**Q** 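Supplied in structure tokens, the structure appears directly below.
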Amino acid sequence: MYVVVAADPEGRGGTLRPEDGIAAHVTDLAAAIAGDAGEVRWVWGDTRRIYPGVLAQGARVGRCYDIALTEGLLLAAEGRFGEPRSAEAAYARAHGLPVPEDREAVAEGGQGLLFETEPRDAGFGIPEADLVAEVYRGQLARIAQLPEPGKFRLLVAAESAGALIAAEMGFHGMPWREAVHDALLTELLGPRPAHGMRPAKLQALADEVAAAFGQAVNPDSPQQIVKAFKAAGLTVPSTRSWVLKQVEHPGVKPLLAYKELARLYSFHGWVWADQWVRGDRFRAEYVVGGVVSGRWATSGGGALQIPKLMRRAVVADDGWTLVVADAAQLEPRVLAAMAQDGGLARAAGEIDLYAALAKAFGGSRDAAKIAMLSAMYGGTSGDAHKLLAVMRQRFPQAYGFVEDAARAGEEGHLVRSWLGRTSPPPSARWRALVSGPEGVRAARDRGRFTRNFVVQATAAEWANTLMAILRANLPDPARLVFFQHDEVMVHCPLDQTPTVRAAVATAADEATRLLFGDTPVRFPMEAVAVTCYADAK
DNA sequence: GGGTTTTGCGCC
DNA sequence: AAAGGGCGCAAAACCC
């Protein structure tokens with residue numbers, strides 16, 4: 001059963017409208033939703049706008065259908081990339097009315113989304129629930145016109161579940177011990193400095209750098225560093241750390257140490273914690289489908305870039321544990337399953353795919369790994385050519401699959417993931433460039449993008465599907481608290497550990513079956529239970 | 001002075 | 001050894 005939901009802009013109430021029923025206003029939307037026994041798929045315009053309020057009132061949704069996310073997928077599939085995707089915009093397009101721009105949800109320091117100041121009624125003279133219901137029906141009809149509607153419906157379901165999960169992760173937050181984080185920073189940098197001052201250890205390193213060069217140098221300034229090396233008779237093309245590592249000069253060591261610590265200080269230091277951590281919880285803002293490939297992005301807090309070192313601050317509550325699971329070698333397995341390459345699929349039936357491939361590449365696991373990565377990323381340097389020739393000969397289906405994607409991209413065509421996410425079309429700039437002197441380079445650049453798109457986007461689909469299944473199978477009060485491309489974290493009471501680990505394994509199997517049916521490719525998802533995230537690897 | 005682009009590097 | 005896909009973010013660098 002589908003029920004269409006519209007939330008009142010200012011309060012707890014809203015409108016419910018069964019698929020073929022009459023709209024009814026309710027004064028307590030969360031209570032109405034909580035009364036669902038699990039058979040309802042809630043249809044609404046934008047999870048980010050409605051669900052945080054529902055969560056705040058203690059209710060939880062089983063399944064939803066997110067109009068805006070679906071509209072984005074549909075527009076791309078119809079070759080119309082980047083147009084507004086709100087329910088109002090979809091309605092306007094269908095009726096030939098002026099299309100309102102998307103109003104990006106306004107966020108404030110980890111406190112979730114603020115309500116919009118403008119009224120939701122975009123001037124169409126139709127109640128929101130009716131508008132949503134109409135757009136919903138229209139989307140179902142458009143989906144039915146696609147080449148593979150069944151797969152696309154799965155994509156929509158996984159994407160919508162992702163929106164629920166992202167909101168819940170933001171609501172519950174990932175365990176983050178403020179005291180541990182502060183102690184870690186103090187150990188590495190010295191005590192928290194006064195505003196505008198460098199931490200003691202950073203200042204000491206900066207002084208060392210200046211002393212080594214015999215002049216004042218701002219270690220944060222690439223320009224000044226290059227100049228300082230020049231004055232010392234050394235020419236460096238950039239100040240990237242791998243470049244500096246090859247330079248022999250007493251300033252290099254303190255400079256590299258400075259850069260490493262300065263990054264921790266500015267990205268995940270005290271100021272960051274002030275903004276994003278409260279009550280021993282890190283509340284990030286995830287953007288579901290924020291990457292064109294369908295990967296999640298973040299709009300604040302940098303949740304997808306937490307340095308390994310900082311994971312020491314991620315500690316389960318007393319009596320609870322963190323179940324951390326990541327998919328091993330996800331992308332090559334996805335390629336093997338999509339391309340239906342017999343040889344590669346056989347190797348992908350093993351736990352260590354690269355080891356299983358080693359024999360084909362002269363017995364070297366490293367060579368096998370470089371070959372696979374070069375095929376998926378479009379690598380050309382070093383041994384890549386030689387290894388790709390082996391790949392083409394031994395795994396022709398897999399090789400051909402990514403080559404086809406690359407060629408499509410070079411020719412300006414669109415490519416699609418397994419479930420039907422469509423790559424963006426080439427930009428006007430690209431079209432202009434590709435017929436000019438830099439055309440070959442522009443074409444190859446886009447080829448690398450589309451080559452990777454088909455693999456990365458399908459890997460994201462597998463991960464989203466896994467997470468949707470896992471969420472549905474978790475016992476209460478276990479919660480998904482973190483997700484990073486191919487890795488999930490569940491926070492649960494200690495006694496639920498075996499249940500949660502089993503749920504992860506089941507979800508991986510079910511996701512594989514839902515996407516690829518009866519494939520010999522295995523998708524190992526080993527779950528470990530740890531007290532501290534840093535101990536997970 | 002303010003807005004935009006570049007640099008460099010963290011994560012997958 | 002340093003090439004190849006996707007991001008976000010802070011500070012510097014650049015530009016009006």
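Note that these values count all heavy atoms, side chains included, but never hydrogens, waters or copies made by symmetry. These figures come from a predicted structure and were not determined experimentally. To find a chain, count down the sequence lines: A is the first, B the second, and so on, and within it residues start at 1.
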**Q** Taking only side-chain N and O atoms of Q456(A), does any of them lie within less than 4.0 angstrom of OP1 or OP2 on dG5(C)?
**A** no
**Q** Which is true for T298(A) with a 4.0 Å heavy-atom rule: it touches a base, it touches only sugar-phosphate, or it touches nothing?
**A** sugar-phosphate
**Q** Donor-acceptor pair, distance only, cut-off 3.5 Å: does the side chain of R451(A) make one with the backbone of A375(A)?
**A** yes
**Q** When you check the phosphate oxygens OP1 and OP2 of dA13(C), does a side-chain N or O of S221(A) lie under 4.0 Å from one of them?
**A** yes
**Q** Got a donor-acceptor contact below 3.5 angstrom from the D341(A) side chain to the Q397(A) backbone?
**A** yes
**Q** How long is the span from the CG atom in D66(A) to the CZ atom in R85(A), to the nearest 0.5 Å?
**A** 7.5 Å
**Q** Could you tell me the separation between the CD atom of Q484(A) and the P atom of dG6(C), rounded to a whole number of Å?
**A** 18 Å
**Q** Name the nucleic acid region contacted by G301(A), choosing base, sugar-phosphate or nothing; use a 4.0 angstrom heavy-atom cut-off, strictly under.
**A** sugar-phosphate
**Q** Given atom CG of L387(A) and atom P of dA3(C), what is their separation to the nearest angstrom?
**A** 17 Å
**Q** Check whether any side-chain nitrogen or oxygen of N218(A) sits under 4.0 Å from OP1 or OP2 of dA12(C), and answer yes or no.
**A** yes
**Q** Decide, yes or no, whether a salt bridge links E403(A) with R392(A) under the criterion of side-chain N to carboxylate O below 4.0 Å.
**A** no
**Q** Does R295(A) have a side-chain nitrogen or oxygen under 4.0 Å from the phosphate oxygens OP1 or OP2 of dG6(C)?
**A** no
**Q** Tell me which one of M391(A), E331(A), Q329(A) satisfies side chain to side chain contact (heavy atoms under 4.5 Å, CB included) with M372(A).
**A** M391(A)
**Q** Report the nucleotide, chosen from dA11(C), dC12(B), dG5(C), that has the shortest atom-to-atom distance to any side-chain atom of S266(A).
**A** dA11(C)
**Q** Show each protein N/O and nucleotides 6-10 of chain B N/O combination with a separation under 3.5 Å, one pair to a line.
**A**
unit_1, atom_1, unit_2, atom_2, d
dG8(B), OP1, T239(A), N, 3.1
dG8(B), OP1, T239(A), OG1, 2.8
dG8(B), OP2, R240(A), NH1, 3.1
dG8(B), O3', K259(A), NZ, 3.3
dC9(B), OP1, S241(A), N, 3.1
dC9(B), OP1, K259(A), NZ, 3.3
dC9(B), OP2, S241(A), N, 3.1
dC9(B), O2, R263(A), NH1, 2.8
dC9(B), O2, R263(A), NH2, 3.4
dG10(B), O4', R263(A), NE, 2.6
dG10(B), O4', R263(A), NH2, 2.9
dG10(B), N9, R263(A), NH2, 3.4
dG10(B), N2, Q305(A), NE2, 2.8
dG10(B), N3, Q305(A), NE2, 3.4

**Q** What is the distance, to the nearest angstrom, from the CH2 atom on W272(A) to the C1' atom on dG8(C)?
**A** 14 Å
**Q** Using heavy atoms to find the nearest nucleotide of DNA chain C for D220(A) and G302(A) separately, return the residue whose nucleotide is more 5′.
**A** G302(A)
**Q** Write down the distance between CG (D445(A)) and P (dG4(C)), rounded to a whole number of angstrom.
**A** 9 Å
**Q** In plain terms, say whether D486(A) and R333(A) are close enough for a salt bridge, that is, a side-chain N and a carboxylate O under 4.0 Å apart.
**A** no
**Q** R311(A) near the nucleic acid: base, sugar-phosphate alone, or nothing, with a heavy-atom cut-off under 4.0 Å?
**A** sugar-phosphate
**Q** Under 4.0 Å, heavy atoms only, any strand: does V292(A) hit a base, just the sugar-phosphate, or nothing?
**A** sugar-phosphate
**Q** Rounded to whole angstrom units, what separation is found between the CZ atom of F282(A) and the C1' atom of dG8(C)?
**A** 12 Å
**Q** Can you check the Y265(A) OH to dA10(C) P distance for me, whole Å?
**A** 13 Å
**Q** Please determine whether ring pair (Phe, Tyr, Trp, His ring centres under 6.0 Å) holds for the pair F516(A) and W418(A), giving the CA-CA distance in whole Å, both sets of side-chain angles, and the decisive distance to 0.1 Å.
**A** CA-CA 9 Å; F516(A) 302 117; W418(A) 185 247; 5.4 Å; yes
**Q** From OH of Y286(A) over to C1' of dG8(C), roughly how many Å is that when rounded to an integer?
**A** 13 Å
**Q** Using the closest heavy atom to pick a nucleotide of DNA chain C for each, name whichever of T380(A) or A303(A) lands nearer the 5' end.
**A** T380(A)
**Q** CE of M310(A) to CH2 of W272(A): how many Å apart, nearest 0.5 Å?
**A** 8.0 Å
**Q** I need the CE-C1' distance between M376(A) and dC12(B), as an integer number of Å.
**A** 12 Å
**Q** Reckon Q223(A) has a side-chain N or O less than 4.0 Å from the OP1 or OP2 of dC14(C)?
**A** yes
**Q** Kindly confirm whether the side-chain ring of Y377(A) is stacked on the base of dG4(C), judged by centres under 5.5 Å and planes under 30°.
**A** no
